[in-house]
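Down below is the structure, laid out as structure tokens.
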Amino acid sequence: MHPPSERSTRQHGWSGTRWVACGLALMATLAGAALALQAWFIQPRREAELSGLRLRLERAVWLHEPTDHGDTVALPALPGAPAPGQRRLTVELTVFNPRNLPRDFTPGEFLLTDATAGTEWRPTMGGSAAFTVRPSELLSVTMGFDVPRTSSVLRLEWVRGTERALLLSTQRPRNPNEGPPGWPRRVEELPPGNASAGSALFHGRLACASCHGNPAEPGNRGIGPALANFSRVGATRVSGMSAAQYAYESLLNPGAFIAPECSGQGPCAQTSTMPLYGETLSPQEMADLISYLVNLRTGK
């Protein structure tokens, strides 16, 4: 057998170098993947599986704060409502048992934490008793966390034994007085409104009439306060405030002012359920909707 030539030795050496380089690149890639995987695991997840149960976070919604900014009425105290100054985070989940054996589950496995202050909350709504999830059973669970004022980032975690999963990071909404960020304080700072476009929003996409009735028909209302003759009535609700400004602030903060007919035992005697339109409407749409309300001519 002849010894390898110098050329073949060089080729072998280059080949070995390439293998070493490829190996180092692969190790670097795997290390990067491991870091990415680790980062993914610490991100909030909408789905998780712990100790034999699968969970999916369907929805998390901050409810309105029961605050009255009017000077003539107070909100009714509803059984089970959050205490004054607190906001409720309502969480909807689905829980599934993919295993062949039943698994116990309790809403007390969920924790809302304020890492900055070292505070934590268990569900104040939804119960705490354990129940059994049978094999292949899918359950819907709704729970609520009542949270005092805080500006910290809050973490919703699912904890089962020694395992835990971060489902959501959120912040408690600002006080309703402040309104959503980015909106001007005065209605006059909005673009010029188009009443026809506002009418289309009111009776169409926003379906306002389903709660307030048709404002063109006096006495027509649903679970919300009637809006007939709004240009006149709206200007009397808060001293010194125009109907347009009253409509604007009410759309930004549905709980800011309580209509007199909602202070008794009427159908709207409850915490406002109107959506936070300051989070969904554009400035032009807001102006159009207000223009429709204040320019509407209502029959007697």
Side-chain angles (χ1 to χ4, degrees), residues 42-46 48 55 57-93 95 105-130 140-160 164-183 185 238 249-259 262-263 268-280:
I42 64 174
Q43 296 303 310
R45 285 177 285 169
R46 296 286 176 173
L55 177 142
L57 175 62
E58 303 290 353
R59 194 167 71 130
V61 178
W62 286 98
L63 300 184
H64 306 315
E65 186 176 41
T67 303
D68 173 30
H69 294 265
D71 54 3
T72 59
V73 296
L75 275 172
L78 299 177
Q86 294 190 338
R87 293 292 290 267
R88 175 167 293 171
L89 175 65
T90 299
V91 179
E92 297 177 3
L93 311 159
V95 181
F105 173 81
T106 173
E109 296 175 10
F110 295 90
L111 191 66
L112 189 66
T113 62
D114 178 346
T116 303
T119 309
E120 60 183 40
W121 299 271
R122 296 286 180 179
T124 50
M125 181 197 76
S128 57
S140 296
V141 180
T142 301
M143 64 187 68
F145 300 83
D146 292 349
V147 182
R149 290 185 176 88
T150 176
S151 59
S152 301
V153 174
L154 307 177
R155 296 159 53 96
L156 177 63
E157 297 182 276
W158 181 27
V159 183
R160 278 176 69 82
R164 66 173 54 209
L166 176 60
L167 298 173
L168 175 71
S169 291
T170 183
Q171 283 185 286
R172 184 187 187 277
R174 305 192 316 164
N175 188 294
N177 285 347
E178 302 171 6
W183 286 94
R185 294 186 61 85
V238 179
E249 296 194 17
S250 296
L251 286 163
L252 288 178
N253 310 308
F257 308 107
I258 307 302
C262 292
S263 61
C268 61
Q270 56 183 328
T271 303
S272 176
T273 57
M274 193 166 77
L276 297 174
Y277 286 121
E279 298 176 359
T280 58

#### Entry: Where Ser169 and Leu166 come nearest, the two heavy atoms and their spacing
OG-CD2, 4.3 Å

### Task
First locate atom CG of Leu89, then atom OG1 of Thr124, and finally report the distance between them rounded to the nearest 0.5 Å.
9.5 Å

### Message
Please report the interatomic distance CG(Leu252) to OH(Tyr277), rounded to the nearest 0.5 Å.
### Response
12.5 Å

### Pairs meeting criterion salt bridge (Lys or Arg N to Asp or Glu O under 4.0 Å) with involvement of residues 105-118, two or more places apart
Glu109-Arg160

### Message
Could you check whether any side-chain heavy atom of Gln171 comes within less than 4.5 Å of a side-chain heavy atom of Leu154, counting everything from C-beta outward?
### Response
no

### Query
Nearest heavy-atom pair of Val147 and Arg172: which atoms, and what distance?
O-NE, 3.1 Å

### Query
Between OG1 of Thr150 and CZ of Arg87, what distance do you get to the nearest 0.5 Å?
13.0 Å

### Message
Ignoring hydrogens, what is the shortest heavy-atom contact between Ala165 and Ala48? Give both atom names and the distance.
### Response
CB-CB, 3.7 Å

### Query
Any donor and acceptor pair, going by atom type alone, linking the side chain of Thr113 with main-chain N or O of Ala115 inside 3.5 Å?
no

### Query
Passes side-chain contact (heavy atoms from CB on, under 4.5 Å), Arg46 versus Leu168? Steps please.
CA-CA 7 Å; Arg46 296 286 176 173; Leu168 175 71; 4.2 Å; yes

### Query
How far does CE of Met143 sit from CG of Leu112, to the nearest 0.5 angstrom?
11.5 Å

### Query
Is there a side-chain contact between Leu93 and Phe110, using heavy atoms and a 4.5 Å cut-off?
yes

### Task
Please round to the nearest 0.5 Å and tell me the distance separating atom CD of Glu58 and atom CD of Glu92.
8.0 Å

### Message
Taking the side chain as everything from C-beta on, heavy atoms only, tell me whether Leu57 gets closer than 4.5 Å to Trp158.
### Response
no

### Message
For a quick test of reading the model, state the closest non-hydrogen atom pair linking Ala130 to Thr106 and the distance between them.
### Response
CA-CB, 3.8 Å

### Query
How about Val141 and Phe105: do any of their side-chain heavy atoms sit closer than 4.5 Å?
yes

### Summary
Those residues at least two apart in sequence (or on a different chain) that pass side chain to side chain donor-acceptor pair (under 3.5 Å) with Glu120 are none

